[in-house]
Amino acid sequence: MKLIKSLTLGLIAVSALTYSCGGGSTSETATTETEVTTPPPAAPVSLEDKYKDNPLFIAGQAKTKEAGCTACHMVERKIVGPSYADVAAKYESTPENIALLTKHVIEGHVGTWGEIMMPSHPQLAPADVEEMVKYVLLLKK
């Protein structure tokens, strides 16, 4: 009789240990396995990282910094004027839009992005401004 009690207690102890260590199959175990096997979401890539090897990006970024555009504009964040990404989202990269935006940069403009006027930049060469505009329109999210 003592042997049966000992075996029964041993069997219960082994069963409890097996179940607590993951031997029992429940929906929680399945959920945990699903969560573990689900890959984490991809980290968002900044526009600067996305286009860093593009020659248009490299030349345009250099010209905008040289012209002082970065005092009022950033790639993905609004400062005084809209971000380059906001401009790219609003305008398609068409010859008409490139000509329009080149004119806005050289002559100045107000009203499209609010009441703060973009000052004129008559000292900039139209070809350089056109290259800067193409760079800005490249920066679509």
Side-chain angles (χ1 to χ4, degrees), residues 2-141:
K2 283 186 173 184
L3 181 63
I4 293 177
K5 281 186 176 179
S6 296
L7 286 175
T8 304
L9 283 175
L11 184 60
I12 292 173
V14 169
S15 298
L17 181 63
T18 303
Y19 184 80
S20 66
C21 291
S25 178
T26 65
S27 62
E28 289 179 26
T29 305
T31 304
T32 305
E33 289 175 12
T34 303
E35 290 175 12
V36 171
T37 58
T38 304
V45 177
S46 74
L47 290 172
E48 291 172 328
D49 289 339
K50 183 178 178 181
Y51 295 107
K52 68 182 177 186
D53 296 326
N54 186 316
L56 181 60
F57 176 85
I58 295 166
Q61 185 180 42
K63 287 184 188 273
T64 56
K65 285 181 180 179
E66 182 181 312
C69 301
T70 54
C72 298
H73 303 279
M74 288 185 77
V75 173
E76 296 186 75
R77 195 179 67 163
K78 177 184 180 351
I79 301 178
V80 175
S83 71
Y84 296 150
D86 290 341
V87 175
K90 185 173 182 109
Y91 295 97
E92 290 294 319
S93 186
T94 64
E96 296 82 20
N97 286 339
I98 292 170
L100 174 72
L101 294 173
T102 299
K103 180 181 174 192
H104 285 183
V105 171
I106 293 172
E107 296 177 2
H109 185 73
V110 67
T112 304
W113 299 97
E115 295 303 313
I116 298 175
M117 180 176 181
M118 178 166 172
S120 62
H121 299 85
Q123 76 280 6
L124 297 176
D128 288 343
V129 174
E130 188 173 306
E131 195 171 341
M132 288 186 264
V133 168
K134 287 178 183 177
Y135 152 72
V136 169
L137 295 181
L138 171 74
L139 299 172
K140 289 198 181 291
K141 289 185 179 181

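Model, not experiment: these values are computed from the prediction. Atoms considered below: every heavy atom in the structure, side chains included; atoms not considered: hydrogens, waters and symmetry mates. Counting from 1, the numbers follow the sequence of the chain as shown.
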*Asks:* Working note: H73 + T70, criterion side-chain hydrogen bond (donor to acceptor under 3.5 Å, both in side chains); need CA distance, chi angles, decisive distance, verdict.
*Replies:* CA-CA 5 Å; H73 303 279; T70 54; over 6 Å; no
*Asks:* Ignoring hydrogens, what is the shortest heavy-atom contact between M74 and I79? Give both atom names and the distance.
*Replies:*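 Minimum heavy-atom contact is CG-CD1, 3.0 Å.
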*Asks:* Could you tell me whether K78 atom NZ has more than 12 heavy atoms of other residues or ligands within 6.0 Å of it?
*Replies:*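 Yes - once you tally the heavy atoms of other residues, nucleotides and ligands closer than 6.0 Å, there are more than 12.
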*Asks:* Work out which heavy atom in K52 is nearest to a heavy atom in D49; give both atom names and the distance.
*Replies:*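 So the two residues come closest at CG-O, 3.5 Å.
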*Asks:* Could you check whether atom CD1 of I58 has more than 12 heavy atoms from other residues, nucleotides or ligands sitting under 6.0 Å from it?
*Replies:*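 Correct, the count exceeds 12.
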*Asks:* Could you tell me the separation between the CG atom of N97 and the NE2 atom of H104, rounded to the nearest 0.5 Å?
*Replies:*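 If we round to the nearest 0.5 Å, N97:CG and H104:NE2 are 10.0 Å apart.
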*Asks:* With rounding to the nearest 0.5 angstrom, report the NZ to CG distance, K103 to L101.
*Replies:*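 Rounded to the nearest 0.5 Å, the NZ-CG separation comes to 11.5 Å.
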*Asks:* Determine the minimum heavy-atom distance between T102 and E130, stating which atoms define it.
*Replies:*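 Shortest heavy-atom contact: OG1-CA, 3.6 Å.
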*Asks:* Are I98 and K134 close enough that some pair of their side-chain heavy atoms sits under 4.5 Å apart?
*Replies:*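 Contact flag for I98/K134 side chains = yes.
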*Asks:* Provide the closest heavy-atom pair for I106 versus S120 in the form atom of the first, atom of the second, distance.
*Replies:*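 Reported closest heavy-atom pair: O-CB, 3.3 Å.
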*Asks:* When you measure from the centre of the six-membered ring of W113, is the NZ or CZ of K90 under 6.0 Å away and within 45° of the axis?
*Replies:*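 Yes, a cation-pi geometry.
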*Asks:* By the definition side-chain contact (heavy atoms from CB on, under 4.5 Å), identify the one residue from V75, D86, V87 that meets it with L139.
*Replies:*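 Of the listed options, the one satisfying the test is V75.
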*Asks:* Determine whether Y91 and L100 make a side-chain contact, defined as any pair of heavy atoms from C-beta on separated by less than 4.5 Å.
*Replies:*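 Result yes, sub-4.5 Å side-chain heavy-atom pair found.
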*Asks:* Tell me, do K63 and K65 make a side-chain contact under 4.5 Å, heavy atoms counted?
*Replies:*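 In short, these two side chains do not touch, never coming nearer than 4.5 Å.
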*Asks:* Quick one: does M118's side chain get under 4.5 Å of E107's, heavy atoms only?
*Replies:*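 Side chain of M118 against side chain of E107, heavy atoms only: no contact under 4.5 Å found.
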*Asks:* Atom CE in M132, atom CD in E66: separation rounded to 0.5 Å?
*Replies:*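 Spacing of CE (M132) from CD (E66) equals 8.0 Å.
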*Asks:* Identify the two heavy atoms, one from V136 and one from A88, that lie closest to each other, and give their separation to 0.1 Å.
*Replies:*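 Nearest pair, atom of V136 first, then A88: O-CB, 3.3 Å.
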*Asks:* Closest approach of E115 and V110, non-hydrogen atoms and distance?
*Replies:*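 It is O-CG2, 3.5 Å.
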*Asks:* Just wondering, more than 12 heavy atoms not from E76 lying within 6.0 Å of its CD?
*Replies:*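 Check passes, neighbour count above 12.
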*Asks:* Centres of the Y135 and Y84 rings: under 6.0 Å?
*Replies:*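 Between Y135 and Y84, the centre distance is under 6.0 Å.
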